[in-house]
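A quick write-up on the structure given underneath.
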There are 2 protein chains.
Amino acid sequence: MTPSKTRANPLFLRDEELRQAMELLFYAYRDFIAEPDAMLAKYGFGRAHHRVIYFVGRNPGITVSRLLAILKITKQSLSRVLGQLLREDFIVQRTDRVDRRRRLLSLTAKGEELERLLTDRQAKRIARAYRQAGAEAVEGFRTVLRGIINEDDRGRLAARPERG
Amino acid sequence: MTPSKTRANPLFLRDEELRQAMELLFYAYRDFIAEPDAMLAKYGFGRAHHRVIYFVGRNPGITVSRLLAILKITKQSLSRVLGQLLREDFIVQRTDRVDRRRRLLSLTAKGEELERLLTDRQAKRIARAYRQAGAEAVEGFRTVLRGIINEDDRGRLAARPERG
DNA sequence: AAATTAAGTCAGTCTTATTGACATAATTGA
DNA sequence: TCAATTATGTCAATAAGACTGACTTAATTT
């Protein structure tokens, strides 16, 4: 039960430290996801729907291919989820005027309402953790997480908000 | 494409800041998981096998019910995965002497080898991020992640390693 | 002796994801 | 202009990982 400690191993601290980081990430993500999952079930939706609603809400007018690149899933996987959200009027598509192959996705009022409902809970969880930890810890949190993300995708992240 | 900014909204910064945190968590977890996933596929295993191997390796002699509490999945879900790992000799069970209902789980040599293979990659990713971010940022990272985790489970996390 | 706990099993279902093969429409490049 | 490429969408089959519900067995507690 107790983590096995290898005494007199100079690498112990480092290994232990890294494992703790992995566990923190696992537990944090698990709990971060759990609340919205439960709410989505009432709509007959799942986690995948949440991700689509979130990123479309965050990037109004996003194209299908950009969404695929963010989610890193296949077109066929997205299709089922996106199709449901379109049919049930949570998301609308319009054709891009400059390139008419493109479909630009946005949330409807109904979609925005659900988005807020789901995101609010998660935002509260983060806000509580941020408040308790303080500004300096928050900066550290952001810096380390950025470092964990693949370099190619760091650019996708919004820049830090300026303070003042 | 560009996140829509609501000017003159005093809540903007806060909302933006919280959304960035959510996205950092999403991208970091997505990339953190991706490498082991690809390696596991070669064994005919998936993410669920990894989690079991990881937590059994980390807690030698763990009981089935403790493992279920960590993973927060059902017994039936665990059963399929654990059964495979037992049959293919990655994990062994022995009966607890003091309470013979309990099955104590541990990795075999083969299991430890796979565990190391999988964990090493992830550890390297974390180590790189830690190195780049510095000790202070690491402390902040840990503090905020702890705050995100449900209170009941914070006790499950190992205490900070002492420095010196 | 009865109740509870720990583990395991059978059966059926759902969501999310995959690969592979095509189809259509629009845009780009030679 | 015509061929190639790109963006999107669809059909079909498959797999992993999870769920609910119902039950069994063995061991321990009350």
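Chain letters run A, B, ... following the sequence lines, proteins first and then strands; every chain starts at 1.
In this structure, CZ of A:R100 is placed 12 Å from P of C:dA25, rounded to the nearest angstrom. As a whole-Å value, the separation of B:I73 CD1 from D:dT20 P is 12 Å. Here the P atom of nucleotide C:dA7 and the CG atom of B:L86 are 13 Å apart, to the nearest Å. One can place CG of A:L71 at 10 Å from P of C:dT18, the figure rounded to the nearest angstrom. One can place CD1 of B:I33 at 13 Å from P of C:dA17, the figure rounded to the nearest angstrom. The nearest whole Å value for the distance from the CZ atom in A:R51 to the C1' atom in C:dA17 is 10 Å. Whole-Å rounding puts the A:D99 CG to C:dT27 C1' distance at 6 Å. Whole-Å rounding puts the B:I53 CD1 to D:dG17 P distance at 11 Å.
Between A:R97 and A:G44, the residue anchored closer to the 5' end of DNA chain C is A:G44, taking for each the nucleotide with the nearest heavy atom. Along DNA chain C, the nucleotide nearest A:K72 and the nucleotide nearest A:D96 are compared for position; the residue whose nucleotide lies closer to the 5' end is A:K72.
Only one option out of A:E115, A:R116, A:R121, A:Q122 pairs with A:T119 in a side-chain hydrogen bond (donor to acceptor under 3.5 Å, both in side chains); it is A:E115.
Using the six-membered ring where Trp is involved, B:F90 and B:F45 have ring planes that are perpendicular, over 60° apart on the 30 and 60° scheme.
Residue A:S79 places no side-chain N or O under 4.0 Å from the OP1 or OP2 atom of D:dG9.
Checked by atom type and distance alone, the side chain of A:K110 pairs as donor or acceptor with a backbone atom of A:E88 at under 3.5 Å.
Among D:dT8, C:dT5, D:dA12, the nucleotide with an atom closest to any side-chain atom of A:Q76 is D:dA12. Of the candidates C:dG8, C:dT16, D:dT8, the closest approach to any side-chain atom of A:V81 belongs to C:dT16. Each of C:dT16, D:dG17, C:dG8 was ranked by its minimum atom distance to the side chain of A:H49; first place goes to C:dT16. Side-chain proximity of B:A48 to the nucleotides D:dA18, C:dA25, D:dT20 is greatest for D:dA18. Considering only the side chain of A:R101, C:dT27 comes nearest among C:dT18, C:dT27, D:dG17.
Across every non-hydrogen atom of A:G147 and B:R128, the tightest pair is O-NH1, 3.3 Å. In plain terms, the two heavy atoms of B:F32 and B:I126 that are nearest each other are CE1-CD1, 3.9 Å.
When heavy atoms are screened at a 4.0 angstrom cut-off, B:S77 is found touching base atoms of the nucleic acid. Within the 4.0 angstrom heavy-atom criterion, only backbone atoms of the sugar-phosphate kind lie near B:Q93; the bases stay farther away. Among the heavy atoms of the strands lying under 4.0 Å from B:R47 are primed sugar atoms or P, OP1, OP2 only; no base atom is included. Using a 4.0 Å heavy-atom distance criterion, B:V98 is classed as a sugar-phosphate-only contact. Counting any heavy atom pair closer than 4.0 Å across all strands shown, B:S65 reaches sugar-phosphate atoms only and no base atom.
The base of D:dT8 is not paired with the side chain of A:R103 by any donor and acceptor separated by under 3.5 Å.
Using a 4.5 Å heavy-atom cutoff, the side chains of A:L107 and A:L114 are not in contact.
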